[in-house]
Amino acid sequence: MAMALPLAYASSVVHPFEAGRLSFSTKATKHKKQIYQFRKVTKVLAYYGLTNPPYKLDALEPYMSRRTLELHWGNIHRGYVDSLNKQLANSPLYGCTMEELIKTTFNNGNPLPEYNNAAEVWNHDFFWESMQPNGGRLPWGGVLDQIEKDFGSFSNFRDEFVHSAMMLFGSGWVWLVLKTNERRLSIVRTSNALCPLVWGDIPIISLDMWEHAYYLDYKDDVSKYVNNFMDHLISWHSATARMVRTEAFVNLGEPKIPVA
Amino acid sequence: MALRTLFSKKAFTTASGFRPIAAGDRCFLRQARGLTVAALPDLAYDYGALEPAISGEIMRLHHQKHHQAYVTNYNNALEQLETAVAKGDASAVVRLQSAIKFNGGGHINHSIFWKNLKPVNEGGGEPPHSTLGWAIDTDFCSLEALVQKMNAEGAALQGSGWVWLALDKGSKKLCVETTANQDPLVTKGANLVPLLGIDVWEHAYYLQYKNVRPDYLKNIWKVINWKYASEVFDEETA
């Protein structure tokens, strides 16, 4: 997750000497003057930093090439971080956590200018962590149980996810979310930078359907990209960790405690 | 007798008044029922003729894959719409609207786009003169200002969409508009006529310019077909 890290310092130089004051140019006082001049007042500002994906850039080959990640993470994601920091430099929104920032700037459907950058920074962080080398295949344990409960079977879920991705018109994302109100998993499709956090839902897995995510590797063959994601990239480990966390916030039902 | 001619392969290739389509027999039957289908228009130039502004690979994929997909899906949606209308299935009719808007819009927009481009050696990039040139100077101060405005709006567009130079048929004034995804220009105003459209979907430039959309916008002006824009302008302001 993107964290607020102290990355930049703003400083103002304090001039302690007034005009007309006598100063003896002995070596001692000169040295003292120099030290005093360098004791500047510093103001520490916290900006967002670009976090690395949890794997090397070539680790997802051949399903997502190193070149794609270099551009997608190194240029595009980095660009969003830099733009966001520039916008926040003089903004009253400075100082929120990323999730707070997204919900505030979404402004109930009338997004503020910072929303797009904030949401895209978060979305991309989430996306890198939704993938892993040697990913794909089946989930297990609680995640699998919940999927089977809410979709009937894993293959139903998989088909619905792929279908949702193929039905996206334009740029956007496909999400497996836990709907907090309905207390069930669901597949959601959002446009451009929209993130399910703004509705209070909890994302579990995401897939970037913007063309820049797959065009270099797959050109127009969207179906191959989505299927490769499902079969080889999706990180059920991340999904498990995220589900574990959501259970602290959403009651997914009574636990099956064996009766003596 | 006429029916037999319709269903024979030979008749399909002769000038029978039907436009040939890649999808073969199914479209054949659609035409027999009287449904007019959309067809992928040909380009007036080779795929590589717009280099180095737009690479041949992009042009080929853009035309043969993306535009073709819009045409195919639009025709499918129309066929489903016809069935739904015939059955009186209102919810199906409404459900199909987004697919029709997206794919139909994609077909409309790209058909205009291919005419907006021309190789340099055939006049691409040559600035507009006479009527359109004067109108641009009146409404935007100069051609450079217009180009700058369109580039700025195109670069600022979030996600996918188009940036247009439009003529308002009512006021006869030029304006710059953007539309999202594949929305045609009329969604921004019923009186708007597209003179020039620039596709800023990533598939239009990513292979060549990567994520640097401003470079793509700067270079595409070298192959813009102002002659077509002038012709449309003159026709609408006549």
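Order of the sequence lines fixes the chain letters, A, B, ..., with proteins taken first and strands second; residue numbering starts at 1 for each chain.
- Counting heavy atoms of neighbouring residues, nucleotides and ligands inside a 6.0 Å radius, atom CD of E122(B) exceeds 12 of them.
- When the shell of 6.0 Å around NZ of K188(B) is examined, it contains more than 12 heavy atoms from other residues, nucleotides or ligands.
- Using cut-offs of 30° and 60° on the angle between ring planes, the pair Y206(B) and H212(A) is tilted.
- At a 4.5 Å heavy-atom cutoff, the contact between E57(B) and chain A is made by side-chain atoms alone.
- No more than 12 heavy atoms of other residues, nucleotides or ligands sit less than 6.0 Å from atom OH of Y74(B).
- Contact between F169(A) and N181(B) at its shortest, heavy atoms only, is O-ND2, 3.6 Å.
- Among K219(A), E120(A), H72(A), the residue making the largest number of heavy-atom pairs under 4.5 Å with chain B is K219(A).
- The number of heavy-atom neighbours closer than 6.0 Å to CG of N121(B), taken from other residues, nucleotides and ligands shown, is above 12.
- Distance NZ/K210(B) to CD1/I76(A): 11.0 Å, rounded to 0.5 Å.
- The shortest heavy-atom contact between H66(B) and E211(A) is CE1-OE2, 4.0 Å.
- Shown here is N134(A), whose CG atom has no more than 12 heavy atoms of other residues, nucleotides or ligands within 6.0 Å.
- Checking N116(A) against Q158(B) by side-chain atom types alone, a donor-acceptor pair falls below 3.5 Å.
- Shortest non-hydrogen contact noted between G170(A) and S160(B) is C-OG, 4.1 Å.
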